[in-house]
There are 2 protein chains.
Amino acid sequence: MHNDDRIVICESPDIDEAVDRLNEAFNEKRTIIIVGRCRVDYHGRASSKLEPGERIVIMKEDGAVLVHRSKGYEPVNWQPSGCILQALREEDCLIIKAIKRAPREVVTIFFDRIHFLSTFKLMDEGEFSLYASEEEMRRAILMEPSLIEEGFKPIDYERRVKPGFVDIYGVDKDGRIVVVEIKRRTAGKEAVLQLERYIETLKRSLNKEVRGILAAPVISRDARQTLLSLGLDFRRVDPKKCSEILKRKEEKKILDFFRHFTNA
Amino acid sequence: MHNDDRIVICESPDIDEAVDRLNEAFNEKRTIIIVGRCRVDYHGRASSKLEPGERIVIMKEDGAVLVHRSKGYEPVNWQPSGCILQALREEDCLIIKAIKRAPREVVTIFFDRIHFLSTFKLMDEGEFSLYASEEEMRRAILMEPSLIEEGFKPIDYERRVKPGFVDIYGVDKDGRIVVVEIKRRTAGKEAVLQLERYIETLKRSLNKEVRGILAAPVISRDARQTLLSLGLDFRRVDPKKCSEILKRKEEKKILDFFRHFTNA
DNA sequence: GCCTAGGTCCCGTCA
DNA sequence: TGACGGGGCCTAGGC
C-alpha cells in the first residue's frame with residue numbers, strides 16, 4: 001500500500017480498512033475508485049436491481065457516483081453530483097450509500113470483494129473548450145448574416161417568444177421579419193414544429209407576415225416535406241464552417257489590434 | 001506491482017511500460033484505468049480541447065473510453081463502444097488514440113504523468129432489472145386498462161403510425177378509437193404535440209373521430225392548457241403503482257400455477 | 001444507412 | 001422550484 005497526501009492505493013483491503021479509507025476520503029473530498037464484486041440497488045424516480053458482478057465504482061469529490069460494468073459508455077447505476085456518501089460495514093459486506101434529495105434517490109452498493117481501492121486528490125484546473133456547437137453557429141451567423149441569405153439583418157438573438165427562445169430574429173432584404181431556428185445536426189420534425197410554433201406566435205402578436213428559416217447542416221426527408229408545406233425555408237449551414245469563421249474573425253480582431261498599436 | 005491473469009496494477013509506470021501494458025490489455029480485451037496528468041483533443045461531429053490536468057481515464061473491453069474530471073456525472077471527453085484503441089510513445093508522452101468511424105471521430109489523450117495504471121478482466125454476468133419505466137407502465141395498462149378509464153379496451157401497442165409509434169391503441173366504452181401516449185415523468189409540451197401528431201395522422205387515414213389520452217404522473221401547466229385546447233384528455237398514472245400492479249399480477253400467476261398443481 | 005423515441009437521461013437557464 | 005431545450009447526448013428498435 002502506497003500512501004501520501006495525493007494518492008492512496010490499497011490492494012485487496014479488508015472491509016474495515018476500506019471503510020476507514022472511504023470515510024477519510026469523504027471528509028477530505030477525495031476522488032475514489034473501487035474495483036470489486038458488488039450488487040447495487042437503486043430507489044428513486046424509478047428503481048433498479050443489479051445482481052452481483054465485478055465492476056468499477058467511481059465516487060467524486062462533489063458526491064457524484066458512477067458504477068461501470070465492463071462494457072458500454074453509460075454507467076449501469078449512478079448518482080449525479082451533490083449527494084451524500086456513507087460507507088459502513090455489515091457482516092462481511094462493505095456497504096456504500098449515496099443519497100440525494102429533491103427528489104429523494106438512494107443508490108446502495110454492496111461489495112463482498114474488493115480487489116482494489118484507491119483515493120486521490122486530483123489537481124485539475126485545465127480549461128475545456130468546445131467548438132462547432134449550436135452557440136458557435138449562432139455567433140457566426142450574427143457576425144456573418146449572409147450565411148443565412150444576402151441582405152439578412154439580425155436584430156436580436158435568444159429572443160423570448162411565448163415560452164421558448166427564437167435563436168435569431170431579424171429582417172430580410174425586403175424588410176420582412178425573419179425567424180431563424182438553428183440546429184447543429186440533422187434537423188428533424190421537432191425542429192420544424194418548433195420553428196412553426198414561434199412563427200405562429202409572432203404572426204399573431206405582430207399581425208404581420210413572418211418568414212421562418214431552418215439553419216442546419218442537413219434536414220431529414222420528412223422534415224423537409226413538412227417545412228415546405230408550411231412555406232418555410234431551409235438553409236444549409238455547417239457548424240464546423242461556423243467555428244472556422246469565428247476563429248478567423250478572432251484572429252483578424254487581434255491582428256487589427258496590433259496594427260492599431262503599430263500605427264499609433 | 002502486482003500481476004496475475006485477473007489484475008495488473010502499476011504505480012507510476014514509465015511510458016514504455018505503460019505502452020506495453022496497454023497493448024497487452026487491448027489484445028486481451030481487458031478493462032483499463034489510468035490516473036494521471038493529461039490533455040485531450042477531440043475531433044468529430046464537433047471538436048474540443050481540454051488543457052492539462054489530472055484525470056481518470058477508463059477504457060473498456062468493447063472500446064468505450066471515458067475521461068473523467070474530479071467533478072460531475074458526465075465524462076468531459078469520451079468515445080462510445082466500438083472504437084479502435086492505440087497506445088504509443090512520443091517523446092516523454094503517452095499518447096492514446098480512440099478512433100470511431102461513421103461518423104469518424106477521434107479522441108486523443110496525451111499523458112505527461114501517469115500516477116497509476118491498472119488493467120482487469122472483469123467477471124460480470126449479473127442481471128440488471130429496471131422498474132417503473134415507461135415500458136412497465138405500458139404493460140400495466142395493457143393488463144389493467146381501467147388505469148386509463150372504465151371500459152377502455154386496448155387493441156394494439158407500439159403501433160406504427162406514419163413514422164412514429166403509438167404507445168397504446170384501443171377503443172373506449174362507446175367504441176371510439178383511443179390513442180394513449182405514456183410518459184413516465186412530468187408530461188410537457190412535446191408529449192402533447194407528439195400525441196396530437198398521431199391523432200392527426202390517424203384521423204386522416206381512418207377518416208374517423210380519434211380520442212387522445214396522455215397518461216403520465218403529472219402534466220405541466222402549459223401542456224395541460226394546450227392539451228385541453230386540442231380536446232385531448234389527461235389521465236394521471238403513476239409509474240411506481242404500475243410496477244406494483246405488475247409485481248402483484250406476477251405473484252398471482254405463480255400462486256395460480258401452484259394451486260393448479262395442488263388441485264391436480 | 002436514416003429516423004424515431006426513451007432515459008433514473010444530465011445540465012444550464014430563466015421565469 | 002418547475003419547465004424547457006441542448007447534448008459530440010447514448011442506446012435500442014424499425015425499415
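Convention: sequence-line order gives letters A, B, ...; per-chain numbering from 1. A quick note: this is a predicted structure, and the numbers were derived from the prediction, not measured.
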query: If you take all heavy atoms of Val178(B) and Val171(B), which pair is closest and at what distance?
result: CG2-C, 4.1 Å
message: Just to be sure I understand the rule, does Lys240(B) reach a base, reach only the sugar-phosphate, or reach nothing, if contact means heavy atoms closer than 4.0 Å?
response: nothing
- prompt: Taking 4.0 angstrom as the limit, do Arg69(A) and Glu54(A) come out as a salt bridge?
  reply: no
task: Rounded off to whole Å, could you give me the CG-to-P distance for the Leu195(A) and dC4(D) pair?
output: 19 Å
message: Applying the 5.5 Å / 30° rule, does Tyr42(A) stack onto the base of dT8(C)?
response: yes
message: Pick the closest DNA chain C nucleotide for Arg185(B) and for Gly164(B) by heavy atoms, then say which residue is nearer the 5' end.
response: Gly164(B)
- prompt: Considering heavy-atom distances to DNA chain C, does Arg184(B) or Pro103(B) have its closest nucleotide positioned more toward the 5' end?
  reply: Pro103(B)
query: What parts of residues 60-85 of chain B reach DNA chain C, counting only heavy atoms under 4.0 Å away?
result: Tyr73(B), Glu74(B)
field: Pairing nucleotide - dA5(C), Watson-Crick or G-U, each distance under 3.5 Å
entry: dT11(D)
message: On the nucleotide dT8(C), are OP1 or OP2 found under 4.0 Å from the side-chain N or O atoms that Ser133(B) carries?
response: no
- request: Please report, rounded to the nearest Å, how far the C1' atom of dC2(C) is from the CD1 atom of Ile219(A).
  value: 14 Å
message: Counting only side-chain heavy atoms from C-beta out, which of dC3(C), dG8(D), dA5(C) sits nearest to Val107(B)?
response: dG8(D)
- request: Among the candidates dA5(C), dA15(C), dC9(C), find the nucleotide nearest to the side-chain atoms of Arg160(A).
  value: dA15(C)
field: Asp167(B) CG - dA5(C) P separation (whole Å)
entry: 10 Å
message: Base, sugar-phosphate or nothing for Thr186(A)? Non-hydrogen atoms, less than 4.0 Å.
response: sugar-phosphate
Residue from Val67(B), Ile95(B), Leu94(B) passing side chain to side chain contact (heavy atoms under 4.5 Å, CB included) with Ile109(B): Val67(B)
message: Distance check needed: dG7(C) C1' versus Leu130(B) CG, whole Å only.
response: 9 Å
- request: Tell me what Gly44(A) touches on the nucleic acid: a base, only sugar-phosphate, or nothing, going by heavy atoms under 4.0 Å.
  value: nothing
- prompt: Going by an N to O cut-off under 4.0 Å, is there a salt bridge joining Glu105(B) and Arg45(B)?
  reply: yes
- request: Please figure out whether Lys183(A) or Phe165(B) has its closest DNA chain D nucleotide nearer the 5' end.
  value: Lys183(A)
message: Does the structure place the NZ or CZ of Arg159(B) under 6.0 Å from the centre of the six-membered ring of Tyr169(B), at an angle of no more than 45° from the ring's axis?
response: yes
query: Are OP1 or OP2 of dC9(D) and a side-chain N or O of Arg45(B) less than 4.0 angstrom apart?
result: yes
message: Under 4.0 Å, heavy atoms only, any strand: does Glu190(A) hit a base, just the sugar-phosphate, or nothing?
response: nothing
task: Nearest whole angstrom, please: distance from the C1' of dA5(C) to the CD1 of Ile168(B).
output: 16 Å
- prompt: How about Glu51(B): does its CD atom have over 12 heavy atoms from other parts shown lying under 6.0 Å from it?
  reply: yes
task: Write down the atom of Tyr73(B), the atom of His68(B), and the distance for their closest heavy-atom approach.
output: O-CE1, 3.5 Å
message: Taking any heavy-atom pair under 4.0 Å as a contact, classify Glu158(B): base, sugar-phosphate, or nothing.
response: nothing
message: Taking the P atom in each of dG8(D) and dC4(D), what is the distance between them to the nearest angstrom?
response: 23 Å
message: Here's a test for you: under side chain to side chain contact (heavy atoms under 4.5 Å, CB included), which of Leu195(B), Ile168(B), Val161(B) qualifies with Val179(B)?
response: Leu195(B)
task: Round to the nearest Å and state the distance from Arg224(B) atom CZ to dG2(D) atom C1'.
output: 15 Å
task: Round to a whole Å and report the spacing from NZ of Lys100(A) to C1' of dC11(C).
output: 12 Å
- prompt: What nucleic acid atoms does Glu134(A) come within less than 4.0 Å of, heavy atoms only: base, sugar-phosphate, or nothing?
  reply: sugar-phosphate
- request: Please determine if Asp233(A) and Arg211(A) form a salt bridge, counting it only when a charged side-chain N lies under 4.0 Å from a carboxylate O.
  value: yes
message: Does dG5(D) have OP1 or OP2 under 4.0 Å away from a side-chain N or O of Lys189(B)?
response: yes
query: Going by atom types only, do Ser48(A) and Asp41(A) share a side-chain donor-acceptor pair under 3.5 Å?
result: no
task: Give one of base, sugar-phosphate or nothing for Tyr198(B), where a contact means two heavy atoms less than 4.0 Å apart.
output: sugar-phosphate
- prompt: Arg101(A) near the nucleic acid: base, sugar-phosphate alone, or nothing, with a heavy-atom cut-off under 4.0 Å?
  reply: nothing
- prompt: Touch check for Ala132(A), heavy atoms < 4.0 angstrom, all strands: base, sugar-phosphate only, or nothing?
  reply: nothing
field: Nucleotide nearest Asp222(A) (side chain, heavy atoms from C-beta), chosen from dT4(C), dG6(D), dA3(D)
entry: dT4(C)
task: For dG7(C) versus dC11(C), give the span between their C1' atoms, rounded off to a whole number of Å.
output: 14 Å
task: Check the distance between dC4(D)'s C1' and Leu193(A)'s CG and give it to me in whole angstrom.
output: 16 Å
query: Between Arg221(B) and Glu135(A), which has a closest nucleotide on DNA chain D that is more 5'?
result: Arg221(B)
- request: Ignoring backbone atoms, test whether Gln194(A) places a side-chain nitrogen or oxygen under 4.0 Å from the OP1 or OP2 oxygen of dC4(D).
  value: no
